[in-house]
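Residue numbers begin at 1 in each chain, while the letters A, B, ... track the order of the sequences. Just so it is clear, the values below take in all heavy atoms, side chains as well, and ignore hydrogens, waters and symmetry mates.
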Amino acid sequence: MSSSVTTLTQQPFSVRSVTRLLGRIGPAYYALLILLIVAAASQERFLTGPNLTNLIRNSTVLGIVTIGQIATMLVAGIDLSVGSVISLTTVIAALQMESHPEATPGIVLLCLLIGLLIGAVNGFGVGYLRLNPLIFTLASGTAIQGLTLHLLYSPGGSVTREFRELSRGAIGPFDCSFCPGGTLGPIPYAAIYLLVLYVVGTWVLKRTVFGLAVYAVGGNEASARLSGLRTERIKLAVYILSSIFAVLGGLFLASRIGSGDPLVGDPYTLDSITAGVLGGTSLFGGVGDLWGGLAAVLTLGVLSTMLNFNNVSPFYQFIIKGVILIGALAIGYLRTRRKTV
Amino acid sequence: MSEPFLEMRNIVKTYPGVRAVDNVTLSVGRGEIRALVGENGAGKSTLIKILAGAEQADAGEIWLGGQRVRYDSPVEALRLGIGAIYQEFNLVPQLNVAQNIMLGQVPKKWGGQVDTEAMHRRAREMLARLNVSLDTRRLVADLDVAQQQVVEIAKGLARDLRVFIMDEPTAALSAVETEHLLDVVRALKQQGVAIIYITHRMREIFQIADSVTILKDGRHVETSPARSLTSDAIVAKMIGRDLTDYYPPRGTPASEVLFSVRDLNVAGKLFDINLDVRRGEILGIAGLEGQGQRELARIMFGALPYDRGTFLRNGQPIRLSSPSDAIRAGIAYVSDDRKRDGLVLIRSANENIALPSLSRRTNGKILIDEKTERSFVHHLIDRLAIKVTHRSQKVNNLSGGNQQKIVVGKWLGMEPQILIVSEPTRGIDVGSKSEIHHILRDLANQGVGIVMVSSELPEILGMSDRILVMAEGRIVAEMDGATATEEQLMAAAAIHSVSDTSVPVTS
Amino acid sequence: MTAKSVQSSARRALLQLSLPPAAIIWIAVGLLLLLARSVSASFWELSHLLNVARQASALGILAIGQTYVLITGGIDLSNAMVVTLVNVVAATLLRGSDETLGGTLLICLGIGLLTGLANGLLITRLKVPPLVVTLGMFSILRGAAYVYTDGAPRGDISPALEFVGTGFVGPIPTAVIFWVVLTALAAVALQKTVFGRQLYAVGGNEKASRLSGVPADRVIVLAYVVSGLMAAIAGLILSGYAGTGTLTLGDGRNLDSIAAAVVGGTSLSGGSGSVIGSAGGALFLALLFSFLRFIGLPYTIQLMVQGLILAVAVYLHVRSQRAS
């Protein structure tokens, strides 16, 4: 008791510092928090292990793809090809694993190589030829969609049994004295993938010289170039990463649905942009981080779970998603405006 | 002169339609400070961009320390020790001061990590050399213009350059900051750095430069020791003619008040501003950079909000809450930033000139009458002697002086009674400068009331009928333009300043 | 002389001509027609060409609105879902008869108008980036279409609308007449009116335009309203062609309309572009697909070619801009 008083006197409580702190928290976190409270309060089933596991598994593909999308947004770009890359990955994985089940690791590697190639093309066009990223990745995405449909016109193929485990498996349960029932888990692999990718991704963006370069290129490209950064190469790397993350998302999706689907990746393009924007990443580059994106991905996931629970037509999802997206940025504007005037 | 360390030989650079640099040869020795002067469009910027690797020459060679060097990017130039700080800042607003200073050579730890501690330490060292204390953790977006300029200079210092190019580094600095910078430049000279220093300020040339190279129309005119030149001689060679009638003669303003500001206040920015603009006068608003002049000009045009105050037009109160209100009241505004505020660069001269008066001239009709518009635009182009190949020429292909004339021209088209101009000749060549001055005086003689905000003292003294001096958001003195002196102005501008640092050291 | 010097002098000549982008796309249309003719004379038949034009008309009308928006420096992704919503609403309300035609048309145009108005106001008043606003609106309209139909659209389009979508006036498809008239009106508005001038100015430099007294917000809102209305008209024409309500009618048309505008020389950075060029872009894409189908290439290859064409177009456009 007395120690807490001394800390208070050492760091005088001020309303201003608290509001400043609250102001720094992105809208995605508020949305997630509010939704979680509402969900937990309105549905006792919500905070159960199976439901949370399901929520995480349903959010994993978007969570992974969003990392790459945020990276492109940070360099003031955008990647409209991720959806097609996801579809292509599921198709290649399913078709190849069906015919060569023994070569699963090789097939995974093949998918990653294809991702590398696509990312290199995007990065070359945007970075070296300085083409508008929106149009260029739209073009490459269209071409990849054509190729995917050429390979497989309607859903088919199948992945191997072991490969399915990648998305469906879990580890645990663990002993945990704080947890209700004394155990934690089991923890789905999906949660671990997300955690590892976001931790590593954040480390790269926030701690490394490459990450600093990404923010610099997005913040002021001319300046970054004149400061001696190889901006083309940095963009190339970012677009390669974006495609690689799309492939990783596609592999997870293939594992989850167990087959290939030439159109399954479609919604992820716009959803990943939605998640990035909702998570506080600027479309104009240089501002944003991954954790906001993850909060946004989970927000969208909780939202659809809640609608399911409450027997609301799933179609309302679309409307709510649109309103949240516009609303998040509108709130951001209203807040900054009050500050400046 | 010392033996050449850096040599640029027979450099040629052509853009579509313009030979920007035409066979220029330039050599600078170690520890030599070379001033590079010329009108805008003389080829200075292109030349230094080629030297810094930001542009590639069509022909010519660059030699460094007796060896021919080839590079085609800023990265490679920096690796050779050739670097530049540019007039338009090259900072990343979203990054902090240290990250900006060290950008491109960030100290590393294991795994490609940024060594944050070393980065801030080194950045602080560079700022200390400039005698500036600035928190290296602050975001550049939160800095003011002078602080940004300091960061830009520190960034150059951090690179241990052998050839250091500075493009108007003092444009945004106060007198004291300028002195510090000049000290640093002298220190760099002692360390044997070859320095190329671009400036429009004659005083600085004679303060630090060893030698002066004059460019005109992309060609080399002359390189001479600075002590063998006078500022009149430099100006004459830059423009190729004498500028005896540099400032037009003053007129005879009427006593009739066209426009008044009463008790204008903006929290923290402007305090109790009262002023009258009379028919036919040029009212100069002087002061050190950033004392609220710019804000005052924008508020008078309805382009910035204010807390309290009234505006009177011919004695009647008017509302000024948007530029449209101001335009309706016959007020026009030439901004200090023509590229951002004044012009639609990718559109034609015609469209730019016609823009503000468009709705008025069409008078509610849906279609634009092209014939009357054509003669209207031609008339203005002739009147202001704007050099365009055709009125449909895009504005971004024009020189700074011609661009500024288009900004003035588009406002003349609506026949304003009050013209507010902010830094009307910033960054334009001496010839165009004089033309703009004559245009302003002509307008005043025709009865327009002109408010001229300028941080260039000679311009204020040469042009104004009456001068108001601003300091820290207040009008601190009023002077007669014909009799005021530079010393009086500087004293008035500085005396009310709280901080000692802005007391001018030189005059 | 060597081939190289001939090539370079040809290039210089081309540069000196400095054709406007809108002219280049129409030359490309002409070249494509010549190529098609050399492959097969039947491609050249008027009825076939008019059919291609009919296929291009909805895209062309969408591209008009998209061009207006792109000139402001914005983008409209929501137009695709205006098409879908208009389609399911029209089918539900009409139920195959012309009885309620007037009211239905009003409601459908109202959907387009309100969508554009909402987009424009959110962009100008709340300063939300256009990409985000119209992406959000896309999602909202899709939700509206699904909720309205409960995922199962019913009803049919009426004879009058079918005439608009599939009918002919003389030899000319009705849809093409709509397209040509709307393009002509939009072109005149862009080149000859105060609004058009202000649109280019706002897109080129919004701040400078405001400081010149241009009512920039009003201009931007109007551009989105035009786009919404064009999307509603395109939705009605496409409905007439489809005959029923379907929840996928608009899919991909937002990106197609951007492609048509960009292929036609409109810049994504605002301040330049023309509806004549966009019309050429729409026609070019339709001709190309028709040609590819004609020579027996499957839809999947067409998609790949579309991607390629788009990439090449934006590359050429960027190069010509840098040259000037």
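- Atoms CD1 and CD1, from Ile135(A) and Ile75(C) in turn, are 7.0 Å apart once rounded to the nearest 0.5 Å.
- Between Leu147(A) and Thr300(C) the shortest side-chain heavy-atom distance does not fall below 4.5 Å.
- Among the candidates Tyr316(A), Tyr153(A), Phe315(A), the residue making the largest number of heavy-atom pairs closer than 4.5 Å to chain C is Phe315(A).
- Ring pair Phe318(A)/Tyr146(C) is tilted by interplanar angle, where 30° to 60° counts as tilted.
- To the nearest 0.5 angstrom, Met304(C) atom CE is 8.5 Å from Leu149(A) atom CG.
- Annotation: maximal heavy-atom pairing with chain C below 4.5 Å, among Ile78(A), Ile324(A), Thr148(A), Leu270(A), occurs at Leu270(A).
- The contact between Leu283(A) and chain C is made entirely by side chain atoms (from C-beta outward), counting heavy-atom distances below 4.5 Å.
- Remark: Thr274(A) OG1 to Phe138(C) CZ distance equals 10.0 Å, nearest 0.5 Å.
- Taking CG from Leu308(C) and OG from Ser140(A), the interatomic distance works out to 11.0 Å, rounded to the nearest 0.5 Å.
- Atom CG of Leu255(C) sits about 8.0 Å away from atom CG of Leu134(A), to the nearest 0.5 Å.
- Taking CG of Asn119(C) as the start and CD1 of Ile326(A) as the end, the distance is 7.0 Å to the nearest 0.5 Å.
- Here the closest heavy-atom approach between residue Thr142(A) and residue Leu303(C) is recorded as CG2-O, 3.4 Å.
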